[in-house]
Amino acid sequence: MALLQISEPGMSPDPHLHRLAVGIDLGTTNSLVATVRNGVAETLPDEKGRHLMPSVVHYPDQGPPQVGQEARGYSALDPLNTLSSVKRLMGRGVSDLKTVAGHVPYDFVPGDGGVPRIRTRQGDVTPVEVSGEILKALRARAEASLGGELEGAVITVPAYFDDAQRQATKDAARLAGMNVYRLLNEPTAAAIAYGLDKGQEGVIAVFDLGGGTFDISILRLNKGVFEVLATGGDSALGGDDFDRAIAGWMMQEAGIEGDTGHHRMRQLMMDACAVKEALSEREEARLKVALSDSDYWSGCITCEQMNCLIDPLINKTLAACRRALRDAKVKPEDILDVVMVGGSTRVPRVRERVGEFFGRAPRVDIDPDKVVAVGAALQADILAGNKPGDEMLLLDVIPLSLGIETMGGLVEHIIPRNTTIPVSRAQEFTTFKDGQNAMALHVIQGERDLVDHNRSLARFTLSGIPSMVAGAARVRVTYQVDADGLLSVNAREMVSGVQSSIEVKPSYGLTDNEIETMLTDSRSHAQEDMLARRLREQQVEADRVLEALDSALGADSELLSQDELKDIRDAREQLAAAREGEDHEAIALAIKGLERASEDFVARRMDQSVRKAMSGHRVEEFE
Amino acid sequence: MAIQLTDTAAQRVRTFMEKRGKGVGLRLGVKTTGCSGMAYVMEFADELEEGDTVFEDKGVKLIVNPRSLVYLDGTELDYTREGLNEGFKFNNPNEASRCGCGESFGV
């Protein structure tokens with residue numbers, strides 16, 4: 001017979017109506033699945049009692065892909081068909097690979113499309129498909145453990161994932177046939193796992209250093225509600241980088257040349273990882289590196305030496321902490337609790353430095369590898385409706401501002417970064433030219449002033465705007481971000497009611513703007529951005545003036561004498577020349593010059609149109 | 001009249017109760033539903049209700065209401081593992097039939 005679990009009072013499921021829900025931590029290095037059973041949230045082990053499932057997929061000669069521990073066994077034997085750390089590639093475009101590909105030793109298919117494909121012997125696969133295989137394996141483990149079909153899952157993502165990366169994660173779940181209740185930020189899940197939602201109100205920092213990503217989140221618990229005050233981090237920094245630093249040291253010591261093969265590099269990384277783990281418990285570790293088939297280099301590394309290698313990386317994490325605190329407008333001493341997440345927080349040096357930074361001992365009681373999955377399971381249990389009247393409500397923030405391209409390649413922010421979601425904001429725009437009946441909308445993510453320096457998320461067109469003079473149309477653009485951080489944009493011309501909208505689907509093929517860099521850049525280029533903005537604004541204004549003048553000359557040039565016409569034409573040429581330059585003041589000056597030269601012309605046109613409007617009417621009609 | 005637990009079941013219930021951190025015992029019962037008419041109920045109990053019978057076995061308080069007691073008398077609660085799946089099992093002498101899926105039973 002079916003095995004039974006203890007429910008909360010009054011929440012016993014009817015037969016065949018078990019709402020099996022799991023929380024999934026889909027990690028760069030390892031993944032976990034957890035559920036709430038008998039009132040306890042726990043991660044689910046495989047038949048050998050292993051909780052962590054390596055996020056590794058191996059494509060064998062024959063048969064279905066292998067996932068997890070079995071697949072990892074092939075990473076040194078068959079590196080090109082054994083894919084790991086694909087989370088780094090989720091939602092990234094081909095052009096982003098330069099920054100990450102150096103770290104993942106695969107053969108990428110040189111392709112035309114935006115989505116990077118990895119060549120394996122079973123064909124080319126995308127990162128989404130690889131993640132889908134991992135989720136399938138987790139789903140199978142969960143269903144075997146719970147004795148039924150899953151109803152839904154909460155999947156965690158780094159707080160820093162942008163829309164494309166979140167959408168890619170959802171796509172992977174769909175490939176695995178999984179219903180996603182929602183995506184949850186990893187640090188938020190960790191806070192839930194520690195039950196901080198039921199604790200003292202105040203500000204909490206979640207320090208999450210995993211295999212491949214680093215996140216710092218500043219949360220505030222207020223009346224049982226979590227609000228994410230700020231998030232920060234580095235989507236390409238983690239324990240892998242510690243290993244790489246140690247491996248680099250080993251290569252240097254052993255005299256191995258920089259450009260070594262896939263096999264050798266893998267082996268070195270695994271050795272480095274073993275050294276790191278050994279040094280978490282001991283002061284010193286011995287190591288042995290194969291130089292060739294018969295020759296070995298052996299040596300010794302101390303804790304202190306390793307600390308020197310990894311300190312620069314830890315410094316990076318602390319710099320991100322400092323920025324997040326500043327964004328959240330809190331000081332280190334305001335932090336009530338620091339929660340440690342991710343396997344790399346087992347490194348004693350990390351705990352020590354984080355403790356120093358926040359001036360308090362961080363929380364490490366829950367296994368830092370499992371804490372996120374456990375929090376996700378608690379959340380999934382609530383969303384599945386297995387808990388009576390629970391009030392836990394989570395607020396997240398968007399990591400980067402969302403904006404729209406305006407004339408001149410400038411960005412206008414519609415939703416500023418760190419706005420809590422779900423959120424909906426609207427702004428009105430208008431047409432630039434007479435009779436313009438379509439408008440191209442370009443959705444931008446990032447902090448910089450010029451479109452080119454930000455990430456492009458989507459483009460779409462609103463067409464069918466009825467002919468009107470420039471500036472008469474009222475196009476209302478609404479940005480809506482749902483609880484998962486996914487964006488939909490709607491544009492509606494208010495007079496005619498024509499509308500068009502887009503869901504921001506993964507924009508894989510776009511340039512990589514590593515979020516961290518984007519934020520730093522927006523600060524370091526503030527002055528430059530301001531000048532660029534002024535220049536573009538003047539150029540747009542110049543275009544508008546030239547356009548208006550040309551259409552006026554086309555219609556009414558007979559109102560001008562030859563001399564007058566020449567003056568205006570000269571001023572026009574001056575403006576046209578200045579517009580092509582880089583000096584915003586010169587353009588402004590030329591605009592003024594042209595306006596002066598055409599003052600009389602404008603006045604005469606005005607008189608003429610008034611006369612036209614009035615001719616044939618009697619004075620009384622205007623009274 | 002008696003309801004008992006196996007050692008494994010008792011140990012699991014004690015752990016779960018402890019981790020939950022509140023509650024007066026484990027409520028066992030039956031409800032009339034499912035394809036064979038009845039289904040077992042197993043819930044944490046936060047309070048006793050009028051007419052409840054409390055059986056104490058191996059440090060666990062088993063709470064049963066009078067309507068359910070007639071169906072559960074003589075039951076032994078066990079905790080077992082079947083592959084990756086694990087959970088509680090009612091060994092109930094009153095059970096006469098069970099639906100194919102084992103989710104509900106008849107008496």
Side-chain angles (χ1 to χ4, degrees), chain A residues 1-20 22 33-51 53 68 137-150 193 195 198-199 365-366 374 377-378 381 386-389, chain B residues 9 12-49 60 62-63 68 77-92 95 97-106:
Chain A
M1 80 173 268
L3 299 176
L4 296 165
Q5 315 292 339
I6 311 173
S7 305
E8 285 297 311
M11 302 301 287
S12 286
D14 285 334
H16 313 291
L17 287 176
H18 299 285
R19 289 174 293 251
L20 301 179
V22 293
V33 56
T35 194
V36 176
R37 269 196 298 198
N38 304 306
V40 179
E42 55 193 3
T43 51
L44 301 172
D46 65 5
E47 59 285 346
K48 291 191 178 139
R50 298 173 298 207
H51 291 254
M53 174 187 280
L138 292 169
R139 178 182 167 199
R141 182 192 288 189
E143 294 189 340
S145 304
L146 301 178
E149 205 170 310
L150 279 192
K198 297 177 187 80
D365 342 333
I366 303 183
V374 163
L378 289 168
D381 195 47
N386 290 332
K387 247 182 141 167
Chain B
R12 300 308 295 217
V13 174
R14 284 197 304 267
T15 315
F16 296 141
M17 297 283 301
E18 212 170 281
K19 289 200 179 161
R20 185 167 179 266
K22 61 172 184 182
V24 296
L26 181 65
R27 178 174 295 281
L28 301 181
V30 294
K31 57 179 174 183
T32 46
T33 175
C35 30
S36 291
M38 301 272 194
Y40 291 113
V41 168
M42 194 167 39
E43 293 173 355
F44 294 111
D46 284 330
E47 52 199 6
L48 287 179
E49 279 158 28
V60 176
L62 298 170
I63 301 162
S68 297
L77 187 64
D78 193 11
Y79 191 89
T80 60
R81 190 174 261 283
E82 290 173 5
L84 282 180
N85 190 6
E86 53 184 281
F88 292 93
K89 199 170 180 171
F90 283 78
N91 293 321
N92 183 356
E95 252 179 58
S97 64
R98 202 174 265 180
C99 80
C101 53
E103 297 244 341
S104 57
F105 69 98

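Source: prediction; values computed, not measured. Values reported hereafter were calculated over all heavy atoms of this structure, with side chains retained and with hydrogens, waters and symmetry mates removed. Just so we're on the same page: letters track the sequence lines, and every chain starts at 1.
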(request) Report yes if some heavy atom in the side chain of B/L84 is under 4.5 Å from a heavy atom in the side chain of A/L44; otherwise report no. (result) no
(request) For A/Q5 and B/E86, indicate whether the former's side chain and the latter's backbone hold a donor-acceptor pair under 3.5 Å. (result) yes
(request) For residues A/V40 and B/K19, report the shortest heavy-atom separation together with the two atoms involved. (result) CG1-CD, 3.7 Å
(request) Would you mind checking which part of B/T80 comes under 4.5 Å of any heavy atom in chain A, side chain (CB onward), backbone (N, CA, C, O), both or neither? (result) both
(message) Looking at every heavy atom in both B/F44 and A/N38, which two are closest together, and how far apart are they?
(response) CZ-O, 3.1 Å
(request) Measure the spacing between CG of A/L4 and CZ of B/F90 and express it to the nearest 0.5 Å. (result) 6.0 Å
(request) Sort B/L28 into side chain, backbone, both or neither according to what part of it lies under 4.5 angstrom from a heavy atom of chain A. (result) neither
(message) With heavy-atom distances below 4.5 Å as the criterion, would you say the side chains of B/E82 and A/L3 are in contact?
(response) yes
(request) Compare every heavy atom of A/P9 with every heavy atom of B/R20, then report the nearest pair and how far apart it is. (result) NH2-CD, 3.6 Å
(request) State, to 0.1 Å, how close B/F16 and A/R37 come at their nearest heavy-atom pair, and which atoms those are. (result) CE2-O, 4.5 Å
